[in-house]
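Below is one structure, written out as structure tokens, with a few remarks after it.
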There are 2 protein chains.
Amino acid sequence: MPERTELRLTPQRTRVLEVLKAAEDHPTAAEVYERVRLAAPGIGSATVYRALALLVETGHALELNLGDGAAARYDANTSRHDHAVCERCGRAADIDHPVPDGMVAEIARRSGFTITGYDLQFRGLCPECQTAGEGNLPGRR
Amino acid sequence: MPERTELRLTPQRTRVLEVLKAAEDHPTAAEVYERVRLAAPGIGSATVYRALALLVETGHALELNLGDGAAARYDANTSRHDHAVCERCGRAADIDHPVPDGMVAEIARRSGFTITGYDLQFRGLCPECQTAGEGNLPGRR
DNA sequence: CAAACATTGAGAACGAGTCTCAGTATCGCG
DNA sequence: CGCGATACTGAGACTCGTTCTCAATGTTTG
């Protein structure tokens, strides 16, 4: 895999990376763009999208696909981890419990695919929503 | 739990369901639309999208979000299974190899979530794209 | 310094999907 | 059967997130 490692650190890219690192949540590209604009109003969306792609490519960020047809989310925590997504409030908890290598190998063997990775999200109710009962969900579609 | 149970089986909806059931692959909505048009040239895309949403809602089909901003895909096989997605051509193969219950229980215990299910997609290269080398990808952007 | 190359911002273009609207089909009921 | 209420349809305009194009600007290297 022709991994790209080098990246010219322009002011724009620095800001994108800063926003990502400061983010407590897992912002979408559009959200990153919004936040970067606060600090650098003149920046173009194309630049932010390009920067994000570059950061992912160079291993400085992860792109998460949390299903649901939602837009990809970005995460400056580049270590491998999965998520448990609350079906009620949308909160995502980090899960650090990889699928066993043996299972991946077995699936590769059966399917004929060369497996380079996987995305795994658990669905359920977070502890808060379990106790909160059937009341007030926030404005999730 | 199924909010909506009734569904009027119009000719258009019947065709959409037929196409889905006949599909060996996991067509996107746009592909379903194309195929339905072969049999019913006058049909509108809105009708197909509406029919697909309805089929998913009534439990006759599954909607797969295979990540990466790709279009949703539909599957008339409504039993639990996962997918391996080709990063090159987008094709999805069925994977019938569930995550062990023990692992799910362990994750529930550690995270405090009540886990009701999970979505798992493997990424990689399908057999065809492995042998096809770096040449001719289909019209994937 | 100058040519070669990389990066940028603006906005056009794109593709998937949704919405609106007027017309048509179907249903329920007297 | 007749008729009004309701559901469904097709066309196409529209939205939204994202990518592309391109001229301008910045940076590197010889």
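To find a chain, count down the sequence lines: A is the first, B the second, and so on, and within it residues start at 1.
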Problem - Within 45° cone of B/Tyr33 ring axis and under 6.0 Å: B/Arg35 NZ or CZ - result: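 No - B/Arg35 does not lie over the ring of B/Tyr33 by the 6.0 Å and 45° rule.
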Problem - Quiz item: cation-pi between B/Arg123 and A/Phe113, 6.0 Å / 45° - result: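 Ring-cation test returns no.
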Handout entry: Between B/Thr114 and A/Gln130, a side-chain donor and acceptor under 3.5 Å
Key =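 B/Thr114 vs A/Gln130: donor-acceptor pair found between side chains.
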Handout entry: Between B/Asp96 and B/His81, a side-chain donor and acceptor under 3.5 Å
Key =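 Result is no, nothing qualifies.
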Nearest whole Å is fine: how far is [N] [atom2] from [X] [atom1]?
X       : N      : atom1 : atom2 : value
B/Glu31 : C/dG17 : CD    : C1'   : 15 Å
B/Leu54 : C/dT18 : CG    : C1'   : 15 Å
A/Leu52 : C/dT8  : CG    : C1'   : 15 Å
B/Arg13 : D/dG10 : CZ    : P     : 11 Å
A/Glu57 : C/dA6  : CD    : C1'   : 14 Å
B/Ile43 : C/dT24 : CD1   : P     : 18 Å
B/Tyr74 : C/dA16 : OH    : P     : 12 Å
A/Leu9  : C/dA6  : CG    : P     : 17 Å

Handout entry: Touch class at under 4.0 angstrom, heavy-atom based, for A/Thr47 against every strand present
Key =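 Since a base atom lies under 4.0 Å of A/Thr47, the category is base.
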Exercise for the section: Looking at every strand, decide which applies to A/Ala30 at a 4.0 Å heavy-atom threshold: base, sugar-phosphate, or nothing. Expected result: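 Sugar-phosphate only.
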Exercise for the section: For A/Ala46 and for B/Val48, find the nucleotide of DNA chain D with the closest heavy atom, then tell me which residue's nucleotide is more 5'. Expected result: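 Nearest-nucleotide comparison on DNA chain D picks B/Val48.
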Handout entry: 5' priority, DNA chain C, between B/Ser45 and A/Pro11 [closest heavy atom]
Key =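 So the residue in question is A/Pro11.
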Any [X] side-chain nitrogen or oxygen under 4.0 Å from OP1 or OP2 of [N]:
X       : N      : value
A/Arg50 : C/dT8  : no
A/Thr10 : C/dT8  : yes
A/Tyr49 : D/dT18 : yes
B/Gln12 : C/dA25 : no

Practice task
Search all heavy atoms of B/Ile95 against all heavy atoms of B/Ala84 and return the closest pair with its distance.
Solution key: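 In this case the closest contact between B/Ile95 and B/Ala84 is CG1-N, 3.7 Å.
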Problem - Distance in Å, B/Tyr74 OH paired with B/Leu55 CG, rounded so as to fall on 0.5 Å steps - result: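 Spacing of OH (B/Tyr74) from CG (B/Leu55) equals 9.5 Å.
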Practice task
Check DNA chain D against residues 15-26 of chain B and give the residues with a non-hydrogen atom under 4.0 Å, in numerical order.
Solution key: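 Per residue number, the list is empty: none.
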Practice task
Would you mind telling me which of C/dG17, D/dT28, D/dG10 lies closest to the side-chain atoms of A/Arg8?
Solution key: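 The listed nucleotide nearest to A/Arg8's side chain is D/dT28.
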Handout entry: Stepwise side chain to side chain contact (heavy atoms under 4.5 Å, CB included) test for B/Val85 and B/Phe122
Key = CA-CA 6 Å; B/Val85 185; B/Phe122 293 89; over 6 Å; no
